[in-house]
Amino acid sequence: MPDSDCALSPLAPAFYAQPTLDLARALLGKTLVRRTAEGVTAGIIVETEAYVAAIDPAAHAYRGQTPRNRSMFGPPGHAYVYRIYGMHVCLNVVTEPAGQAAAVLIRAVEPTCGRELMRARRGAGVPDRDLCRGPGRLCQAFAITLALDGASLHGPELWVAETLGGAPPAAAASPRIGISHAADWPWRFYVPGNRYVSGRPWK
DNA sequence: GCTACGATGACCT
DNA sequence: GGTCATCGTAGCA
């Protein structure tokens with residue numbers, strides 16, 4: 001698919017006004033698009049996780065605002081990007097009105113455009129399946145850095161679009177991955193059976 | 001200051 | 001299946 005077909009229009013701001021759990025489901029099947037000077041990369045979102053600080057001990061902002069989680073308190077439709085384990089970064093979509101800290105972590109996408117650009121960033125031998133399977137890998141493939149923390153998700157560098165010819169996919173829920181608090185809450189959403197989902201797709 | 005520990009991934013067996 | 005790299009945050013003294 002040529003890059004021109006990947007530059008889909010950003011979703012309307014109203015899309016991000018949904019409650020966080022609804023938005024985490026609604027993001028499945030949408031296309032994440034990233035444009036840099038190198039070119040365009042895009043992929044279909046197949047796995048998300050919801051974090052709502054007001055009630056969620058696993059959320060970064062559960063204990064209040066800090067310099068790191070500041071953008072989680074901002075208006076919806078923006079990015080919250082943070083560093084984890086000292087070496088990876090993760091991308092979240094900020095949800096809920098400003099002042100309420102909540103976000104949806106994008107855990108995996110199915111690459112649709114710019115695979116060779118992704119491979120240049122991720123490593124020459126990396127198979128398509130592993131380009132964006134996992135939050136850290138996805139950010140590396142899309143060149144998402146801390147510089148994008150707080151950036152608008154309405155372009156021109158990063159946005160979410162309707163998927164061309166895409167019927168809404170099936171959605172399944174499961175506990176979230178890699179957390180120790182509220183570990184049994186079914187706030188992870190994924191497309192069942194999709195090869196590009198991280199972790200154990202059936203769990 | 002000091003320390004413990006991650007919303008992970010790569011690589012090994 | 002397991003180990004470990006690697007360092008910014010946050011919490012506490």
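Reminder, nothing fancy here: chain letters follow the sequence lines and each chain counts from 1.
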Going by atom types only, do A:Arg107 and A:Ser198 share a side-chain donor-acceptor pair under 3.5 Å? yes
Rounded to whole Å, the CZ-C1' distance (A:Arg133 to B:dA10) equals 12 Å
- request: Examine A:Leu91 and A:Ile179 and state if one hydrophobic cluster contains both, with Ile, Leu, Val, Met, Phe, Trp and Tyr joined whenever side-chain heavy atoms are less than 4.5 Å apart.
  value: no
Note: for A:Val104 and A:Arg122 on DNA chain B, the residue whose nearest nucleotide lies more 5' is A:Val104
Annotated structure of DNA chain C as dot-bracket, pair cut-off 3.5 Å, Watson-Crick or G-U only, | for inter-strand, is |||||.||||||.
In whole angstroms, the gap separating P of B:dC11 from CE of A:Met87 amounts to 13 Å
task: Would you tell me whether A:Gln140 and A:Arg122 have side-chain atoms, one donor and one acceptor, within less than 3.5 Å of each other?
output: yes
OP1 or OP2 of B:dT8 less than 4.0 angstrom from a side-chain nitrogen or oxygen of A:Arg107, does that happen here? yes
A:Arg176 atom CZ is separated from B:dT8 atom P, nearest whole Å, by 11 Å
Should the side chain of A:Tyr82 and the base of B:dA7 be counted as holding a donor-acceptor pair, with the cut-off at 3.5 Å? yes
*asked:* So, OP1 or OP2 of C:dT6: does either fall under 4.0 Å of a side-chain N or O from A:Arg83?
replied: no
Check: Does the pair A:Ser174 and A:Arg188 meet the rule for a side-chain hydrogen bond (donor to acceptor under 3.5 Å, both in side chains), with working shown?
Finding: CA-CA 5 Å; A:Ser174 82; A:Arg188 170 179 176 250; 2.9 Å; yes
Taking only side-chain nitrogens and oxygens of A:Thr66, does any of them come within less than 4.0 Å of OP1 or OP2 of C:dT9? no
Assert: residue with more 5' nearest nucleotide on DNA chain C, out of A:Tyr85 and A:His60, is A:Tyr85
